[in-house]
Amino acid sequence: MIDVIDIQERVRLDDYGGYLQLTQTVHDLRAEAALCVPPLSGRKVWMVNSTAAGGGVAEMMPRLVSMLRELGVATEWAVMRTARREFFVLTKRLHNLIHGEGDPELGPADRELYDAVSRETAAALQPLVHPGDILVIHDPQPLGAGALIKRALGLQTVWRCHIGLEEDSP
């Protein structure tokens, strides 16, 4: 299941540009966007994550989507949903493993759960996405679905992992 989130918060670049230390940065961003945005015409950027509230990605997404839209990039925010609560227990385990904590042994049942929810999510998201669109997947939860859609539609995709460590872990 997928929810496309209606962004209510409309933070404008001028809001940031009003801070003296950000004025030049906002100016530079607008100038760079004037060069980078035209090739995106007719394409949509899809930001996909696993929650609309209560996490760092959910907190940053309204501002990021608003700024991209203001710069002329057609952008949507989609949030995956599943009735299988054990999926989020599993992905929390993956989160902890990325931090080097927990038992790294994942079994066939873990893989089947992740794959099943990924297939469900991809089936719900794929009708919204069109060839030429760009898929930005945030964190491990929707990663499998993103890979399935990339394979099916040949989309350009980005995985943005917001968790991790500065040093290697086993």
Side-chain angles (χ1 to χ4, degrees), residues 1-11 29 32-33 35-99 102 104 106-164:
M1 296 175 275
I2 290 292
D3 293 325
V4 177
I5 306 301
D6 180 31
I7 306 290
Q8 297 298 318
E9 183 178 346
R10 304 277 190 236
V11 176
L29 177 62
E32 191 69 26
L35 301 173
C36 297
V37 171
L40 297 174
S41 179
R43 303 169 81 183
K44 190 173 284 187
V45 174
W46 288 89
M47 301 288 181
V48 183
N49 76 313
S50 65
T51 183
V57 176
E59 289 179 11
M60 69 179 252
M61 205 55 61
R63 291 170 184 89
L64 177 60
V65 171
S66 291
M67 283 190 278
L68 287 170
R69 287 176 177 172
E70 183 179 347
L71 291 168
V73 179
T75 307
E76 295 292 342
W77 176 21
V79 173
M80 66 178 290
R81 287 190 297 124
T82 181
R84 300 184 70 176
R85 292 191 179 272
E86 67 271 24
F87 174 78
F88 291 105
V89 172
L90 172 61
T91 58
K92 182 61 175 178
R93 232 178 110 204
L94 295 174
H95 174 107
N96 291 339
L97 287 172
I98 291 171
H99 280 285
L106 299 171
D110 296 319
R111 177 63 182 252
E112 175 49 38
L113 172 62
Y114 189 86
D115 288 348
V117 173
S118 294
R119 286 189 301 272
E120 292 168 8
T121 301
L125 182 58
Q126 190 168 331
L128 303 174
V129 180
H130 299 94
D133 287 354
I134 299 169
L135 201 56
V136 182
I137 301 295
H138 295 268
D139 287 335
Q141 297 88 341
L143 182 60
L148 292 169
I149 294 170
K150 175 186 173 62
R151 197 171 304 129
L153 299 179
L155 298 181
Q156 292 183 344
T157 57
V158 175
W159 182 44
R160 173 79 194 279
C161 187
H162 299 270
I163 52 179

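Heavy atoms only: backbone and side chains are in, while hydrogens, waters and symmetry mates are out.
- No more than 12 heavy atoms of other residues, nucleotides or ligands shown are found within 6.0 angstrom of CZ on Arg111.
- Annotation: side chain of Trp77 is not in contact with side chain of Leu64 (no heavy-atom distance under 4.5 Å).
- Take Glu70 and apply the salt bridge (Lys or Arg N to Asp or Glu O under 4.0 Å) test, not counting sequence neighbours, and it matches Arg12, Arg30.
- Within 6.0 Å of atom CZ in Arg63, 12 or fewer heavy atoms from other residues, nucleotides or ligands are found, so the atom counts as exposed in its surroundings.
- Distance check: Ile137 CD1 to Ile149 CD1 gives 6.5 Å after rounding to the nearest 0.5 Å.
- In this structure, Met80 and Ile2 have side chains that are in contact, with non-hydrogen atoms separated by less than 4.5 Å.
- Under the rule for a side chain to side chain contact (heavy atoms under 4.5 Å, CB included), the partners of Arg81 that lie at least two apart in sequence or sit in another chain are Met1, Asp3.
- When all heavy atoms are compared, the tightest approach of Gly54 to Ala58 is N-CB, 4.2 Å.
- The NE2 atom of His99 sits 5.5 Å away from the CD1 atom of Ile163 when rounded to the nearest 0.5 Å.
- Within the model, atoms OG1 of Thr75 and CE of Met61 stand 10.5 Å from one another, a figure rounded to the nearest 0.5 Å.
- For the pair Glu86 and Arg93, the salt-bridge criterion is not met [side-chain N within less than 4.0 Å of a carboxylate O].
- Residues Pro140 and Ile98 come closest through the heavy atom pair CG-CD1, 4.0 Å.
- In this structure, Asn49 and His162 have side chains that are not in contact, with every pair of non-hydrogen atoms separated by 4.5 Å or more.
- Contact of the Pro142 side chain with the Leu125 side chain is not registered, since no non-hydrogen atoms from C-beta on lie closer than 4.5 Å.
- Using a 4.5 Å heavy-atom threshold, the side chains of Arg69 and Glu76 count as touching.
- Pairs of residues two or more places apart, or lying in two chains, never qualify as side-chain hydrogen bond (donor to acceptor under 3.5 Å, both in side chains) while including a residue from residues 121-132.
- Residue pairs satisfying the ring-ring contact (aromatic ring centres under 6.0 Å, His included) criterion with at least one member in residues 53-74, sequence neighbours excluded, are absent.
- Scanning all heavy atoms of the two residues, the minimum distance from Pro104 to Gly102 falls at CD-O, 3.3 Å.
- Nearest heavy atoms, Ile5 versus Ala52: CD1-CB, 3.8 Å.
- For the atom pair OH (Tyr114) and CD (Gln141), the distance works out to 7.5 Å, reported to the nearest 0.5 Å.
- In plain terms, the two heavy atoms of Ala33 and Pro38 that are nearest each other are O-CD, 3.9 Å.
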Distance-only donor-acceptor hits, side chain of residues 153-161, under 3.5 Å, sequence neighbours excluded:
| from | atom 1 | to | atom 2 | distance (Å) |
| --- | --- | --- | --- | --- |
| Gln156 | OE1 | Arg43 | NH2 | 3.3 |
| Trp159 | NE1 | Asp139 | O | 3.0 |

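- Looking at every heavy atom in both residues, Leu128 comes nearest to Trp46 through O-CZ2, 3.3 Å.
- With sequence neighbours excluded, no residue forms a salt bridge (Lys or Arg N to Asp or Glu O under 4.0 Å) with Glu59.
- In this structure, the side chains of Leu106 and Leu90 come closer than 4.5 Å at one or more pairs of heavy atoms.
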